[in-house]
Asks: 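Dropping a structure here in structure tokens format, bear with me for questions.
In what follows, every heavy atom counts, from backbone to side chain, and hydrogens, waters and symmetry copies are set aside.
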Amino acid sequence: MGRKKSGLELYLHIPFCIKKCDYCDFLSGPSTRTGQESYIYALLREIKAVSAVEKRSVDTVFIGGGTPSVPECDVMEKLLQGLQENFHFSPNAEITIEANPGTLTSEKLALYRKYGINRISIGLQSPKDEELEVLGRIHNYRQFLESYQMAREAGFSNINVDMMFAIPGQSYEGWIENLRTVAELGPEHISAYSLIVEEGTPFSKRELELPDEDTEYRMYEDVAKVLGEYDYHQYEISNYAKENRECRHNEGYWQRKDYLGLGLGAASLIGNERFTNTRDMQEYLENSGVPERIRKDREVLTEKDEMAEFMFLGLRMTEGVSKAEFQEYFGNAVEKIYGEVLEKYKRQGMLAEKENRIFLTRAGIHVSNVVMADFLL
Ligand code: SF4
């Protein structure tokens with residue numbers, strides 16, 4: 001099997017937030033300065049240990065969370081220095097940091113730029129203060145605009161804005177208005193996810209006035225059209241970019257490039273092996289210098305697993321999967337392995353084929369979970 005060997009992607013998890021949003025089930029929470037310092041030192045120990053054996057150059061870095069813009073400059077500088085000293089970066093590496101309004105300052109932005117961070121992803125969710133309040137966000141729209149402006153002034157020419165639809169109380173018209181408000185600002189990239197009510201979150205215990213299924217369908221369906229008017233193109237189920245501004249880090253994930261997740265609960269794919277770091281903070285702090293001790297849920301993928309992942313991750317992208325690449329990786333034609341499933345969904349109008357690529361149609365995108373599940377062997 002000829003798996004593509006290329007550079008490496010890095011993900012760094014910063015599990016701190018000022019306060020938990022009411023819908024959030026990510027691995028994150030409030031912290032003290034001492035807690036942040038201990039964590040960053042532990043992360044540096046992991047970086048040192050891992051970089052001693054991993055010598056490939058790094059193509060993309062994603063510093064995610066949580067809210068990576070929470071730690072103060074002096075704490076964050078230690079981490080960014082450590083990254084720079086221990087890894088070798090490709091000349092045009094994409095380095096992204098996630099940030100939330102209400103935590104960004106011009107000093108922090110200048111620091112990120114100094115260490116080569118060239119993309120920032122700002123969590124907005126909604127430009128309406130009453131919706132931000134419903135979500136339990138810590139910021140208002142004015143604070144977002146200030147952060148956005150500061151990021152531009154600091155020299156960020158590649159900005160993503162995260163948005164959310166199907167928020168309790170939101171109408172179809174209200175959502176389209178939100179999209180237009182943000183698109184008019186002109187960020188290079190917009191991610192638009194629907195609210196998922198996750199078990200164990202405050203939302204799961206509340207009576208929520210959610211948009212009905214038909215409204216949610218239209219809310220999703222019209223994102224591509226509305227953003228198209230502002231020169232964004234959809235390149236993945238929930239992601240829209242201006243020309244050549246797709247997130248390379250995420251594309252690498254969907255294309256199953258090797259990526260190494262560092263930090264609490266971070267997931268990795270190296271070769272045909274997947275593993276996830278411990279989610280237990282104490283365990284992480286004590287053992288991060290010996291990565292073998294913190295890596296859990298190790299799974300060596302079989303060829304069938306890899307084929308299934310190739311298909312269901314690849315189909316997330318609007319350009320779909322390349323039949324030639326499938327053949328090259330697995331030494332078999334995709335039709336030989338998935339002939340029946342492909343035929344079934346083509347007949348139903350959920351999948352289509354063009355220029356040797358297989359992709360989801362508009363109808364297929366709406367039921368992508370069902371279609372993708374059928375590729376498990
Ligand atoms: S800012 Fe993001 S990670 Fe933090 S609590 Fe809110 S949704 Fe979760």
Asks: OG/Ser368 to CG/Leu351 distance, rounded to the nearest 0.5 angstrom?
Replies: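 Taking OG in Ser368 and CG in Leu351, the distance rounds to 11.0 Å.
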Asks: Please round to the nearest 0.5 Å and tell me the distance separating atom CG of Asp162 and atom CD of Gln125.
Replies: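 Here the rounded value is 5.5 Å.
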Asks: When you look at Lys296 and Glu283, which way does the salt bridge (Lys or Arg N to Asp or Glu O under 4.0 Å) test go after all the steps?
Replies: CA-CA 12 Å; Lys296 311 282 167 182; Glu283 190 178 14; 2.7 Å; yes
Asks: Quick check against the 3.5 Å criterion: does Lys78 have a side-chain atom that pairs as donor or acceptor with the backbone of Glu37?
Replies: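 Between the backbone of Glu37 and the side chain of Lys78 there is no qualifying donor-acceptor contact (under 3.5 Å).
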Asks: Apply side-chain hydrogen bond (donor to acceptor under 3.5 Å, both in side chains) to the pair Arg45 and Tyr41, showing each step before the final yes or no.
Replies: CA-CA 6 Å; Arg45 289 195 290 278; Tyr41 283 125; over 6 Å; no
Asks: Check whether Ser31 reaches the backbone of Gln36 with its side chain - one donor and one acceptor, N or O, closer than 3.5 Å.
Replies: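 The answer is no, because no donor-acceptor pair under 3.5 Å joins these two groups.
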Asks: When you measure from the side chain of Ser288 to the backbone of Ala42, do you find a donor-acceptor pair of N or O atoms at a distance under 3.5 Å?
Replies: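 Pair found, side chain donor or acceptor close to backbone of Ala42.
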Asks: Under the side-chain hydrogen bond (donor to acceptor under 3.5 Å, both in side chains) rule, what do Thr60 and Glu94 come out as? Steps first, then yes or no, please.
Replies: CA-CA 5 Å; Thr60 71; Glu94 176 197 88; 5.2 Å; no
Asks: Answer yes or no: is there an ion pair linking Lys344 with Glu340, defined by an N-O contact shorter than 4.0 Å?
Replies: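 A salt bridge is absent here (no side-chain N lies under 4.0 Å from a carboxylate O).
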Asks: Between Tyr253 and Phe62, does the ring centre distance come in under 6.0 Å?
Replies: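 No, the ring of Tyr253 stays outside the 6.0 Å limit from the ring of Phe62, centre to centre.
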Asks: Given side chain to side chain contact (heavy atoms under 4.5 Å, CB included), test Tyr23 with Ile167 step by step and report yes or no.
Replies: CA-CA 10 Å; Tyr23 57 91; Ile167 295 171; over 6 Å; no
Asks: Test of understanding: with side chain to side chain donor-acceptor pair (under 3.5 Å), list the residues that count as partners of Arg357, not counting sequence neighbours.
Replies: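 Arg357 satisfies side chain to side chain donor-acceptor pair (under 3.5 Å) with Glu319 once adjacent residues are dropped.
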Asks: Is the shortest heavy-atom distance from the side chain of Glu246 to the side chain of Glu236 under 4.5 Å?
Replies: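 With C-beta onward as the side chain, the pair stays apart.
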Asks: Who passes side chain to side chain donor-acceptor pair (under 3.5 Å) against Asp74, sequence neighbours left out?
Replies: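 With neighbours one apart ignored, the set is Arg33.
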Asks: Let me check something: do Leu135 and Phe144 share a hydrophobic cluster, defined by ILVMFWY side-chain heavy atoms less than 4.5 Å apart, either directly or through other members?
Replies: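 No, it is not one cluster - the side chains of Leu135 and Phe144 are not joined through contacts under 4.5 Å.
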Asks: Taking all non-hydrogen atoms of both residues into account, name the closest pair between Gly82 and Leu44 and its distance.
Replies: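 Closest approach of Gly82 to Leu44: CA-CD2, 3.6 Å.
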Asks: Walk me through whether Arg293 and Glu286 qualify under salt bridge (Lys or Arg N to Asp or Glu O under 4.0 Å).
Replies: CA-CA 10 Å; Arg293 289 197 197 143; Glu286 281 165 17; over 6 Å; no
Asks: Using a 4.5 Å cut-off on heavy atoms from C-beta on, say whether the side chain of Val134 contacts that of Phe203.
Replies: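 Counting from C-beta outward, Phe203 and Val134 do come under 4.5 Å.
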Asks: Do Gln170 side-chain atoms and Ala166 backbone N/O form a donor-acceptor pair below 3.5 Å?
Replies: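 Checked: pair present.
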Asks: I'd like to know if the side chain of Gln149 reaches the main chain of Glu146, judged simply by a donor and an acceptor atom lying under 3.5 Å from each other, with no hydrogens or angles considered.
Replies: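 Not confirmed, Gln149 side chain does not pair with Glu146 backbone.
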Asks: Between Asp258 and Arg56, does any side-chain N to carboxylate O distance fall below 4.0 Å?
Replies: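 Looking at Asp258 and Arg56, the cut-off is met.
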Asks: Counting N and O atoms only, with roles assigned by atom type, does the side chain of Asn277 sit under 3.5 Å from a partner on the main chain of Gly263, one being a donor and the other an acceptor?
Replies: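 Here the side-chain-to-backbone pair exists.
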Asks: Determine whether Trp175 and Val223 satisfy the following criterion, side chain to side chain contact (heavy atoms under 4.5 Å, CB included), listing intermediate values before the conclusion.
Replies: CA-CA 9 Å; Trp175 163 239; Val223 177; 3.7 Å; yes
Asks: Residues two or more places apart in sequence or in another chain: which of them pass side chain to side chain donor-acceptor pair (under 3.5 Å) with Glu343?
Replies: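 Applying side chain to side chain donor-acceptor pair (under 3.5 Å) to Glu343 gives none.
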Asks: Is it true that Arg119 and Glu188 have a side-chain N and a carboxylate O under 4.0 angstrom from each other?
Replies: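 Judged by the 4.0 Å cut-off on N to carboxylate O distance, Arg119 and Glu188 do not form a salt bridge.
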Asks: With the threshold set at 4.0 Å, does a side-chain nitrogen-carboxylate oxygen contact exist between Asp59 and Lys257?
Replies: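 No, Asp59 and Lys257 are not salt-bridged.
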Asks: Is a side-chain N or O of Thr302 found less than 3.5 angstrom from the main chain of Asp305, in a donor-acceptor match?
Replies: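 Here the side-chain-to-backbone pair exists.
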Asks: For the pair Asn178 and Glu131, evaluate side chain to side chain contact (heavy atoms under 4.5 Å, CB included) and give the outcome as yes or no after the intermediate values.
Replies: CA-CA 11 Å; Asn178 289 358; Glu131 289 180 348; 3.0 Å; yes
Asks: Quick one, Leu12 and Pro68 - any side-chain contact, counting heavy atoms below 4.5 Å?
Replies: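 No - every pair of side-chain heavy atoms lies 4.5 Å or more apart.
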Asks: Please determine whether side-chain hydrogen bond (donor to acceptor under 3.5 Å, both in side chains) holds for the pair Thr318 and Gln234, giving the CA-CA distance in whole Å, both sets of side-chain angles, and the decisive distance to 0.1 Å.
Replies: CA-CA 7 Å; Thr318 50; Gln234 181 175 22; over 6 Å; no
Asks: Does Ser28 have any side-chain contact (heavy atoms from CB on, under 4.5 Å) partners at least two apart in sequence or in another chain, and if so, which?
Replies: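 side-chain contact (heavy atoms from CB on, under 4.5 Å) list for Ser28, sorted by chain: Cys17, Lys20, Cys24, Phe26.
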Asks: Quick one: does any side-chain atom of Tyr220 pair with a main-chain N or O of Phe165 as donor and acceptor, under 3.5 Å?
Replies: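 No; judged by distance alone, with no hydrogens or angles, the pair does not exist.
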Asks: For a side chain to side chain contact (heavy atoms under 4.5 Å, CB included) check, start with the C-alpha distance between Ile358 and Phe326, then their side-chain angles and the critical distance, and finish with the verdict.
Replies: CA-CA 11 Å; Ile358 301 165; Phe326 188 97; over 6 Å; no
Asks: Would you call Glu77-Lys114 a salt bridge at under 4.0 Å N-O?
Replies: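 Salt bridge present between Glu77 and Lys114.
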Asks: Partners of Glu85 by side-chain contact (heavy atoms from CB on, under 4.5 Å), sequence neighbours excluded?
Replies: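 Glu85 satisfies side-chain contact (heavy atoms from CB on, under 4.5 Å) with Gln81 only.
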Asks: Measure the shortest side-chain to side-chain distance between Ile270 and Leu8 over non-hydrogen atoms and say whether it is less than 4.5 angstrom.
Replies: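 Of all side-chain heavy-atom pairs linking Leu8 with Ile270, at least one is under 4.5 Å.
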Asks: For Lys304, look at atom NZ and say whether over 12 heavy atoms of other residues, nucleotides or ligands are found less than 6.0 Å away.
Replies: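 At most 12 heavy atoms, drawn from other residues, nucleotides or ligands, come within 6.0 Å of this atom.
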Asks: Does the distance from a Lys or Arg side-chain N to an Asp or Glu carboxylate O, for Glu335 and Lys323, drop under 4.0 Å?
Replies: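 Here Glu335 pairs with Lys323 in a salt bridge, since their nearest N and O are under 4.0 Å apart.
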Asks: Before we go on, tell me: are the rings of Phe375 and Phe310 under 6.0 Å apart, centre to centre?
Replies: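 Ring centroids of Phe375 and Phe310 are no less than 6.0 Å from each other.
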Asks: Are Glu325 and Arg256 within salt-bridge range, i.e. N to O under 4.0 Å?
Replies: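 No, Glu325 and Arg256 are not salt-bridged.
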Asks: Taking all atoms of both residues into account, what is the closest heavy-atom pair of Tyr232 and His189, and its distance?
Replies: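 Heavy-atom minimum between the residues: CE2-N, 4.2 Å.
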Asks: Within the distance-only criterion (no hydrogens, no angle test), does the side chain of Asn140 pair as donor or acceptor with the backbone N or O of Gln143 below 3.5 angstrom?
Replies: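 Answer holds: yes.
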Asks: Please check this pair: side chain of Asn160 against backbone of Ser191, looking for a donor-acceptor N/O pair closer than 3.5 Å.
Replies: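 Answer holds: yes.
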Asks: With under 30° as parallel and over 60° as perpendicular, where do the rings of His233 and Tyr235 fit, or are they tilted in between?
Replies: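 Geometry flag for Tyr235 against His233: tilted rings.
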Asks: Give, for atom OG of Ser147 and atom CG of Leu109, the distance between the pair rounded to the nearest 0.5 Å.
Replies: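 Here the interatomic distance stands at 7.5 Å.
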Asks: With the side chain counted from C-beta on, respond yes when Tyr112 and Ile63 share a heavy-atom pair under 4.5 Å apart, and no when they do not.
Replies: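 In short, these two side chains do not touch, never coming nearer than 4.5 Å.
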Asks: Given side chains that start at C-beta, do those of Tyr115 and Ile95 come closer than 4.5 Å, heavy atoms only?
Replies: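 No, side chains not in contact.
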Asks: Please list, chain by chain and in numerical order, all residues satisfying side chain to side chain donor-acceptor pair (under 3.5 Å) with Glu229, sequence neighbours excluded.
Replies: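 Arg180.
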Asks: Students often mix this up, so state it plainly: with edges at 30° and 60°, are the rings of Tyr217 and His366 parallel, tilted or perpendicular?
Replies: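 If you compare the ring of Tyr217 with that of His366, the planes turn out parallel.
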Asks: Do you know which two heavy atoms are closest between Asn86 and Ile47, and how far apart they sit?
Replies: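 In this case the closest contact between Asn86 and Ile47 is CB-CG2, 3.8 Å.
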Asks: State, to 0.1 Å, how close Pro127 and Met163 come at their nearest heavy-atom pair, and which atoms those are.
Replies: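 Closest approach of Pro127 to Met163: CD-CE, 4.4 Å.
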Asks: Can you confirm whether Ile97 sits close enough to Met76 that some side-chain heavy atom of one is under 4.5 Å from a side-chain heavy atom of the other?
Replies: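 In short, these two side chains touch, coming nearer than 4.5 Å.
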Asks: Before accepting this row, confirm whether a basic side-chain N of the pair Arg274/Glu299 lies closer than 4.0 Å to the acidic partner's carboxylate O.
Replies: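 No.
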